[in-house]
Amino acid sequence: MTTPTAPARLGNAGLYVLLAGQLLPLIDFSIVNVALATIAESFAASASELALLVAAYGVAFAVCLALGGRLGDRLGRRHVFRLGIALFGVSSLMCGLADSLTMLLGARTLQGVAAALIVPQVLATIHAGLTGAAHSRAIGFFGAIGGLAFVIGQVLGGYLVSADIAGSGWRSVFLINPPLCLLVLAGTTRFLPESPRTQAIHIDVPGTLLLTATVLCLLLPLALGPAAHWSWPYIALLTAVPPLLAALWIAERRQEQRGLMPLLPPALLRLPSIRFGIWLGLVFFSCWSGFMFVLALALQAGAGLEPRQSGDVFIALGAAYFVASLRSAWLVGRIGVLPTLLVGCLIQMSGLLALMTTLHGVWPHPGVLNLMPSTIIIGIGQAFIVSSFLRIGLADVAIEHAGAGSSLLSTVQQTAFGLGSALLGALFAHQLQLAGSHLDALLAGLTGELCLMLLLSAGTLLYYRRHQRLRRLTRHRRVCTE
């Protein structure tokens, strides 16, 4: 086992290279959704096959995140980041050249694996290479990239497919990636410092297999179950999740007791900040993905907007999210991270109420302009919540566990994305069946999100009060000792 050494400081140029690398896999979530219709025409794909195409990337991404974070801790984060970028470029080229749906599915799965190698290194390198105000500023940039990636994906995807450059059609949304990957690789070599290896190389095989099985059994049914009308195999997969989680916890504790480094160190889960961060991520990102799903579905199926018009509705939200993320470090510096989280929850709930009121008044003719005020408010609230999630989740994580901590939070985020679409989507479908109105179904979905946000606010307030009591107790003990 090697002795950890202080990591090299991350400069501005290195930070921008990391963020550019982070942007690539995040854009691919939304840019492909815009191209699904033309992909279906090319390969005569069914709705189930399209759902599998979307799930292949997201599930592979979520399954491999923890392993990607651990490899960064062991082999060096710059090395694994470069490997991920190179693999992402190659797999994107394979997607663009695919001549069958099977080849496209395989290449999309490989893209997801590459994304899982990239993303944990970004947050872990920021956590290990920066401190104080520079760290807070970088976290703000990291959060801002999420909103920027969503806007770029929606707008760029629609433009590329519509432009049909050189007859490439949907293929252009993948072929744009390899040149960008080459640029990021060049910047990585010059500007990104290497992190020291903190442990001898050891792969936690039981933990890796059990985590893979757990995530697959959760995300595959959530992604494909609705299209299959929740047939018994998908129900069986979901029921396997709790025992798999229990087996994972036992296996990781055994690894820890034997003096080996587990894939998901139980020591991390003993940190109150990590446990609260997991709960926060599950609730909020379920809200986020469910909101995007039901609003886009209602705007297209109920109000008759084209996919590109529906995507334009989210541009103001994404822009507001980006700007507010950049200002989150200032707000955290003024009032603290937990109060910032509470402010974000209040702003988010205000935006949801404003959106519900607006939809009730303008339906069935919603558009970019009449929805813009409420979506801007929602974007600001989301930005403060996400930036707080990142700051809280990594607050007490040691540098040698930075990769494991960041990949754990990213895995929670990806899992919640699948969970939210399934939960609020089911509520939407149930109300649509009862009332027959897309507006009523959408309002029911937004009401469900509002209830989850109230739960999140109440939990945050309880955690904040507990945190304040612990700080007062620690201060009192220090005074008594002195």
Side-chain angles (χ1 to χ4, degrees), residues 26 29-30 33 58 62 143 146-147 149-151 218-219 222-223 226 276-299 313-314 316-318 320-322 324-325 328 338 340-359 371 374-393 409-431 441-463:
L26 295 185
F29 270 111
S30 55
N33 291 338
F150 180 78
V151 174
L218 179 61
L219 292 188
L222 292 177
F276 178 73
I278 291 172
W279 180 80
L280 166 61
L282 283 174
V283 176
F284 173 70
F285 289 111
S286 293
C287 288
W288 188 348
S289 62
F291 166 78
M292 296 295 186
F293 179 76
V294 299
L295 183 57
L297 183 60
L299 290 177
V313 168
F314 296 104
L317 186 153
Y321 178 97
F322 178 74
S325 294
S328 64
L338 286 171
T340 299
L341 175 56
L342 284 170
V343 168
C345 290
L346 292 175
I347 294 175
Q348 168 86 346
M349 289 188 290
S350 300
L352 285 172
L353 290 172
L355 178 61
M356 293 167 70
T357 303
T358 302
L359 286 169
L371 297 183
S374 56
T375 55
I376 286 176
I377 297 172
I378 291 172
I380 294 171
Q382 288 178 343
F384 290 155
I385 296 171
V386 172
S387 63
S388 300
F389 163 71
L390 298 170
R391 290 180 172 93
I392 292 169
L409 296 179
S410 297
T411 302
V412 168
Q413 181 177 349
Q414 298 307 317
T415 302
F417 279 153
L419 187 62
S421 298
L423 289 177
L424 295 189
L427 184 59
F428 177 94
H430 177 71
Q431 186 61 31
L442 175 56
L443 293 177
L446 295 178
T447 301
E449 181 185 359
L450 190 60
C451 292
L452 288 175
M453 289 303 304
L454 286 170
L455 177 64
L456 178 57
S457 302
T460 301
L461 189 58
L462 290 174
Y463 181 79

Inset, instruction - For Ile376 and Ala320, work out which heavy atoms get closest and say how close. - result: O-CB, 3.6 Å
Legend entry - Beyond-backbone contact of Met356 with Thr447, side-chain heavy atoms, under 4.5 angstrom: yes
Inset, instruction - Heavy atoms only: give me the nearest Phe428-Ala298 pair and the separation to one decimal. - result: CE1-CB, 3.9 Å
Legend entry - Spacing of OG1 belonging to Thr358 relative to CG belonging to Leu353, to within rounding of 0.5 Å: 10.5 Å
Inset, instruction - For Ile385 and Met453, work out which heavy atoms get closest and say how close. - result: CD1-CE, 3.7 Å
Legend entry - CG-CG distance between Leu218 and Leu419, expressed to the nearest 0.5 angstrom: 6.5 Å
Legend entry - From Arg391 atom CZ to Ser328 atom OG, the distance as rounded to the nearest 0.5 Å: 4.0 Å
Inset, instruction - Walk me through it: do Leu371 and Leu359 pass the test side chain to side chain contact (heavy atoms under 4.5 Å, CB included)? - result: CA-CA 8 Å; Leu371 297 183; Leu359 286 169; 3.8 Å; yes
Legend entry - For Leu456 against Leu280, the heavy-atom pair lying closest together: CD1-CD1, 3.3 Å
Inset, instruction - Answer yes or no: is there a side-chain heavy-atom contact under 4.5 Å between Trp279 and Tyr463? - result: no
Legend entry - Value rounded to 0.5 Å, distance of CD in Gln348 from CD1 in Ile380: 11.0 Å
Inset, instruction - On the 0 to 90° scale, with breaks at 30° and 60°, tag the Trp288-Phe284 ring pair as parallel, tilted or perpendicular. - result: tilted
Legend entry - Residue pair Cys345 / Ser457: nearest heavy atoms and the distance that separates them: CB-OG, 3.2 Å
Legend entry - Straight-line distance of Ile378 CD1 to Leu446 CG, nearest 0.5 Å: 7.5 Å
Inset, instruction - Could you go through the side chain to side chain contact (heavy atoms under 4.5 Å, CB included) check for Leu341 and Phe276 one step at a time? - result: CA-CA 12 Å; Leu341 175 56; Phe276 178 73; 3.9 Å; yes
Legend entry - Test side chain to side chain contact (heavy atoms under 4.5 Å, CB included) applied to Leu317 and Met292, step by step: CA-CA 11 Å; Leu317 186 153; Met292 296 295 186; 4.0 Å; yes
Legend entry - Contact summary for Ile278 and Val412, nearest pair of heavy atoms: O-CG1, 3.6 Å
Legend entry - Euclidean distance, Leu455 CG relative to Leu450 CG, rounded to 0.5 Å: 11.5 Å
Inset, instruction - Might you work through the side chain to side chain contact (heavy atoms under 4.5 Å, CB included) test for Phe285 and Thr415, ending with a clear yes or no? - result: CA-CA 9 Å; Phe285 289 111; Thr415 302; over 6 Å; no
